[in-house]
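Right, one structure below, let's go through it.
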Amino acid sequence: METPLVHLDKVFLAFEDKGVLNGVDLQIHHRDRLVVLGQSGGGKSTMLRLILGILRPKSGEIRYKHLRVNRLSRSKLNLLRSRIGMVYQYSALISSLNVRDNLALPVQELGRKSEAEIDALIEEKLAMVGMSGTEKKMPSELSGGMRKRVSLARALMLDPELVLFDEPSAGLDPIMSSVIDQLIIDLTEKTNTTSIIVTHEMDSAFRIATRMAMLYQGKIILDSEPEDFKTSDNPVVRQFVTGEVAGPITEPEANADSS
Ligand SMILES: Nc1ncnc2c1ncn2[C@@H]1O[C@H](COP(=O)(O)OP(=O)(O)OP(=O)(O)O)[C@@H](O)[C@H]1O
Ligand SMILES: [Mg+2]
């Protein structure tokens, strides 16, 4: 079996006393588009931060190919991060910088390219996301969907092997979110990039995923083909996929008077 690109191996993580991940086992293979499903507050963004080495687990290990992410030195970690693109939930563009300077930043930090080379790269990446000619625009002049495209272009600036998307359709209307989904599919296919997409939009999930994993109570309870999520008889998975109010997933307060 091929070495996974990313492997979360029995990962436990808690904030103060609150357990968030209770033994997560998950492998991401080359060219997967893995959709991670799970409740709000369930630890999905936390998983992405572990992969980027921003957080360390209480126990267990995160490996990137053969690298042990939670043991890397600062400089090795920076090198690793330059191979991973991240698209944040609300785009996270720097509001005081125009599109060009936002995109230039990750490349300038590495200090290997001239400004002219960077400009050529920016032109190429903006064209890939359908945003050619917007270099001089400020983030505040762009719609939510356009900002999302720019943040996608920024994630691609260093030709990453892996792109992490945290709620790519957050705050977008259904049409724009379909457009972004399609862009994610086209770009990852064109560039042979592996991706992890966190979402709780089921329509998006089924459009994008080549594989799905569901995080529930700190563990991966199903990791499979998308089809299996539609037919699963696990009540938690079923409730999540269908979005029904009644089922094992409830708000803590609602437990008291459920019958
Ligand atoms: N830095 C932190 N310090 C303390 N608690 C944190 C920290 N980051 C996250 N948490 C807590 O850990 C839990 C998991 O958070 P996380 O952001 O990973 O959830 P999520 O699945 O991404 O949720 P959402 O779908 O709402 O984005 C939450 O209860 C959150 O409050
Ligand atoms: Mg989150």
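For the single chain, residues carry numbers from 1 onward in sequence order. Remember, it's 1-based here, ligands and their atoms both numbered in the order they're listed.
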If we only count N/O pairs under 3.5 Å, is Gly41 in contact with ligand 1?
yes

Main-chain N/O of Gln39 paired with Lys44 side-chain donor or acceptor, under 3.5 Å:
yes

If only atom types and distance count, is the side chain of Arg63 paired as donor or acceptor with the main-chain N or O of Pro4 below 3.5 Å?
no

With a 3.5 Å distance limit and no angle check, can you tell me whether Lys125 reaches the backbone of Ala120 through a side-chain donor-acceptor pair?
no

The atoms of ligand 1 lying under 4.0 Å from a heavy atom of Gln39, numbered in the order shown, are 21 (O)

Assess His200 for proximity to ligand 1: is some non-hydrogen atom of it under 4.0 Å away?
yes

Check whether any N, O or S atom of Ser40 sits under 2.8 Å from the Mg ion (ligand 2).
no

Protein heavy atom at shortest distance from atom 18 (O) of ligand 1
Thr46 OG1, 2.5 Å

For ligand 1, which atoms have a heavy atom of Gly42 less than 4.0 angstrom away?
19 (O), 20 (P), 21 (O)

To which protein heavy atom is atom 25 (O) of ligand 1 closest, and what is the distance rounded to 0.1 Å?
Lys44 NZ, 2.8 Å

Is there a protein heavy atom at a distance of less than 4.0 Å from atom 31 (O) of ligand 1?
no

Test of understanding: given a 4.0 Å heavy-atom threshold, classify the contact between Val20 and ligand 1 as side chain, backbone, both, or neither.
side chain

How far is atom 19 (O) of ligand 1 from its nearest protein heavy atom, and which residue and atom is that?
Gly43 N, 3.2 Å

Atoms of ligand 1, numbered as shown, that sit under 4.0 Å from any heavy atom of Lys18
13 (C), 28 (C), 29 (O)

Do Arg211 and Asp228 sit within salt-bridge range, that is, some charged N less than 4.0 Å from a carboxylate O?
no

Less than 4.0 Å between a side-chain N and a carboxylate O, is that true for Glu161 and Lys65?
yes

Is any side-chain heavy atom of Leu8 less than 4.5 Å from a side-chain heavy atom of Ile51?
yes

What's the shortest distance from atom 26 (O) of ligand 1 to any protein heavy atom, and which residue and atom give it?
Ser40 OG, 2.5 Å

Between Pro226 and Phe206, which heavy-atom pair has the shortest distance, and what is it?
O-CE2, 3.4 Å

Top protein contact for atom 6 (C) of ligand 1, by heavy-atom distance:
Phe15 CD1, 3.2 Å

Inspect the surroundings of CZ in Arg83 and state if more than 12 heavy atoms from other residues, nucleotides or ligands are less than 6.0 Å away.
yes

Nearest 0.5 Å, please: how far is OG1 in Thr188 from CD1 in Ile208?
8.5 Å

